[in-house]
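A, B, ... follow the sequence lines: proteins, then strands. Residue 1 opens every chain.
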Amino acid sequence: MSRDEKFRAPKGVHDVLPPDSGQWAVIVARFAERARRYGYGLAITPMFEHVEVFQRVGEHTDVVSKEMYELTDKGGRRLALRPEGTASVVRAYVEHRPAPPWKVWYVAPNFRYERAQKGRYRQHWQLGVEALGVSDAAVDVEVIALLHGFYRDLGLTDVRLLLNSMGDAQTRPAFVAALRAHFLAHGRALGDEFLARVDANPMRVLDTKVEAWQDVIESAPQLTAYLSDVAAAHFEQVQEGLRALAIDVELAPRLVRGFDYYTSTTFEFQSAALDAAQNAVGGGGRYDGLAEEFGGPPTPGIGFGTGLERIVLALDALGASVDVPGIDVFVVDGLGDGAGTTVGTLVEALRAEGFAVDRAYGGRSVKAQWKAADKSGAAVTVMVGRDELARDAVAVKDLASGEQVEVPRTGLVAWLMARNEEISR
RNA sequence: GUGGCCGUAGCUCAGUUGGCUAGAGCGCCGGGUUGUGAUCCCGGAGGUCGGGGGUUCGAAACCCCUCGGUCACCCCA
């Protein structure tokens, strides 16, 4: 490895910088606001946990068994970087025993050691919520509606919602057994890889893209037919609730998600703007037995995670993007004394009034400062010039129209506010 | 983890079958007289052609290794 390569970000991870990060800031802020309106509080959990925390999430899943970043700290503790969002939150719930219902949201990076490509990174960010302590189907509906509305607000118009039910702990074994029997009876000719997958977890066969396997999958028994009366009723209530909110749903009996802990309701949002390999922009489901796995009381739970990178990618593919607020005012120093305090105090005063204000530094030429003003995207440029200052005024120019007026220094804030009001009208 | 494609200035790319101090557009910086941008004109900075090794009189171009990106599979956000 050469020296240059050492000072590059490692494989599969990347920096998010201006101007791209502007999108991120807005998206996260909108999610935070939406979560607040739904009654969810922010949960900040560590980026690493004892490795056992994540192993409880699914020893047999790729994310945990193959892709986890594990390390031993100087105290000999076996730790792992968070590969997914739910485990830490449920661990925190069990550790602190908040009174249910406990509804939290998060924004956090996840780490998975996998072969990187577009939309699939070794560090990726997820926004998510978790609702613990309520089995009512109303929470399922609320959680899905939260995410659905979030996408709609962002302008992510091409997502479809896939819905399935995994049944409960009592009925799932019967289904898995039936599935395995079916595959063994009709798929023996499909080869060792197929049989190995059936042996490990027959459900994982259901969502494969291998063309040759599709016939056997098509004719396989469906999970929803194996639901207990209770599970079936719950699933029906969820669908009814979504219908009442006019949220379109596609039932996807072969939708299988990557974690062992899912029970009952599972869902996934897919974007048509993205390639199949990374079209899942968000997904989640119920995990009614997970808290017990961590030594807590029996506690139902449901949540989702949605990937920031993929949201941005999908918006991009749609040619859409969220509006990122920029600079309101750019101040040009026409006095030629860059080190003076006149400009500095004016800029600071405007910022104190709530305006986003930027300026040039280092005594650049007036022309260069105006160029910088134009590039800043500011709607208005204020120039502190000798002539105007003699009259205790400043020059104010609308960069779009090219119109320039002289405004008394003490009246500048009022003038800018009046202008804003006029525009918002 | 398996297989394919790609890697030249900040960005998008051009560089004929290996041959002259490696180019363009955009972007960036400066100038076009005293204090005005986005247009126009002029000038400038910026690349050990991802990195290392090899073949050759000579390599950005050919070979090997390596790093990175990307696509499919696997899996997932």
Side-chain angles (χ1 to χ4, degrees), chain A residues 1-14 17 58 60-67 83-86 107-128 147 159 193 196-197 200-201 204-205 207-211 255-259 268-271 274-284 304-314 330 332-336 360 362 364-389 394-404:
Chain A
M1 193 187 279
S2 76
R3 216 170 109 203
D4 282 349
E5 282 158 353
K6 281 237 158 142
F7 294 121
R8 245 194 262 155
K11 189 185 183 76
V13 301
H14 57 114
L17 306 173
H60 306 295
T61 65
D62 282 10
V63 167
V64 170
S65 66
K66 300 189 343 206
E67 300 175 356
E84 65 95 50
T86 302
V107 51
N110 291 346
F111 305 87
R112 298 177 193 173
Y113 187 84
E114 46 187 350
R115 183 82 167 254
Q117 62 188 66
K118 186 154 54 156
R120 199 178 75 173
Y121 307 108
R122 289 184 174 177
Q123 176 180 203
H124 76 274
W125 287 78
Q126 283 190 25
L127 294 159
L147 185 54
V159 288
E193 204 195 318
R197 199 99 73 91
N201 183 357
R204 287 252 65 99
V205 175
D207 59 351
T208 186
K209 287 161 193 159
V210 179
E211 201 51 45
L255 174 68
V256 179
R257 297 197 37 83
F259 296 103
E268 185 169 302
F269 284 87
Q270 297 183 350
S271 167
L274 297 175
D275 292 329
Q278 78 264 358
N279 68 358
V281 290
F304 66 74
T306 181
L308 241 337
E309 288 86 351
R310 286 191 183 174
I311 289 172
V312 172
L313 226 46
F330 196 97
V332 168
D333 178 2
L335 301 175
R364 300 180 67 193
S365 72
V366 169
K367 184 190 181 99
Q369 290 188 61
W370 278 95
K371 278 191 177 181
D374 186 56
K375 217 172 45 180
S376 76
V380 168
T381 296
V382 171
M383 185 171 81
V384 182
R386 217 176 294 281
D387 297 350
E388 290 86 352
L389 214 53
V394 291
V396 180
K397 185 171 183 178
D398 181 312
L399 283 176
S401 69
E403 250 176 273
Q404 182 166 328

Check the distance between rG37(B)'s P and E403(A)'s CD and give it to me in whole angstrom.
17 Å
Quantified in whole Å, what is the C1' atom distance between nucleotide rC71(B) and nucleotide rC64(B)?
25 Å
Among residues at least two apart in sequence or on other chains, which ones pass side-chain contact (heavy atoms from CB on, under 4.5 Å) with K118(A)?
Y121(A), L313(A)
Using the P atom as the point on both nucleotides, what is the distance between rG53(B) and rA72(B), in whole Å?
36 Å
In this structure, which stretches of RNA chain B are paired as stems of three or more consecutive Watson-Crick or G-U pairs, both distances less than 3.5 Å?
B:1-7 with B:67-73, B:10-13 with B:23-26, B:28-32 with B:40-44, B:50-54 with B:62-66
Expressed as a whole number of Å, how far does the C1' atom of rA9(B) sit from that of rC65(B)?
27 Å
CD/Q404(A): more than 12 non-hydrogen atoms of other groups inside 6.0 Å
yes
Please state the P separation for the pair rG54(B) and rU8(B) - nearest whole angstrom.
24 Å
Can you check the distance between rC74(B) and rU17(B), where both ends of the measurement are the P atom (answer in whole Å)?
39 Å
C1' atom, rA45(B) versus rU36(B): distance in rounded Å?
26 Å
For the pair made of CG in D333(A) and C1' in rU36(B), what is the distance, rounded to whole Å?
14 Å
Just jot down the side-chain contact (heavy atoms from CB on, under 4.5 Å) partners of A108(A), sequence neighbours excluded, or say none.
R82(A), Y106(A)
Got a sec, which residues hit ring pair (Phe, Tyr, Trp, His ring centres under 6.0 Å) with F259(A), two or more places apart in sequence or on another chain?
Y261(A)
Return the set of residues passing side-chain contact (heavy atoms from CB on, under 4.5 Å) with K66(A) (not counting sequence neighbours), or none when no residue passes.
D62(A)
With E268(A) via salt bridge (Lys or Arg N to Asp or Glu O under 4.0 Å) - residues at least two apart
R257(A)
Residues passing the side-chain contact (heavy atoms from CB on, under 4.5 Å) test with F269(A), sequence neighbours excluded, are I144(A), L147(A), H148(A), Y151(A), V159(A), L161(A), F267(A), V281(A)
Mind listing the closest non-hydrogen atom pair of Q369(A) and D333(A) along with its distance?
OE1-N, 2.7 Å
Taking N and O atoms by type only, does the side chain of Q404(A) place a donor or acceptor under 3.5 Å from a partner on the base of rU36(B)?
yes
Yes or no on side-chain contact (heavy atoms from CB on, under 4.5 Å) for E309(A) and Q278(A), after CA distance, side-chain angles and deciding distance?
CA-CA 10 Å; E309(A) 288 86 351; Q278(A) 78 264 358; over 6 Å; no
How does each nucleotide of nucleotides 38-46 of chain B score, in 5' to 3' order, for protein heavy atoms under 4.0 Å: base (B), sugar-phosphate only (S), or none (-)?
S--------
Quote, to the nearest angstrom, the P distance that separates rC40(B) from rG27(B).
9 Å
Of all heavy-atom pairs linking L399(A) and A378(A), the shortest is CD1-O, 3.5 Å
D207(A): what forms a salt bridge (Lys or Arg N to Asp or Glu O under 4.0 Å) with it, not counting sequence neighbours?
R204(A)
Name the pairs: protein N/O against N/O of nucleotides 6-8 of chain B, kept only if under 3.5 Å.
none

Under 4.5 Å between any side-chain heavy atoms of E114(A) and E67(A), yes or no?
yes
Tell me every residue that passes salt bridge (Lys or Arg N to Asp or Glu O under 4.0 Å) with D374(A), counting only those two or more places apart in sequence or in another chain.
none
Using a heavy-atom cut-off of under 4.0 Å over every strand shown, decide if G377(A) touches base, sugar-phosphate, or nothing.
nothing
Looking at rU36(B), I'd like to know if its phosphate oxygens (OP1 or OP2) sit under 4.0 Å from a side-chain N or O belonging to T381(A).
no
Nearest heavy-atom approach of L335(A) to R386(A) is O-NH2, 2.8 Å
Would you give a per-nucleotide map of nucleotides 70-77 of chain B, 5' to 3', where B means the base has a protein non-hydrogen atom under 4.0 Å away, S means only the sugar-phosphate does, and - means neither?
SBBBBBBB
Using whole Å, what does the distance between atom C1' of nucleotide rG10(B) and atom NZ of K375(A) come to?
12 Å
Interatomic distance at P, rU48(B) relative to rA60(B), whole Å:
13 Å
Which part of the nucleic acid does A372(A) contact within heavy-atom distance under 4.0 Å: base, sugar-phosphate only, or nothing?
nothing
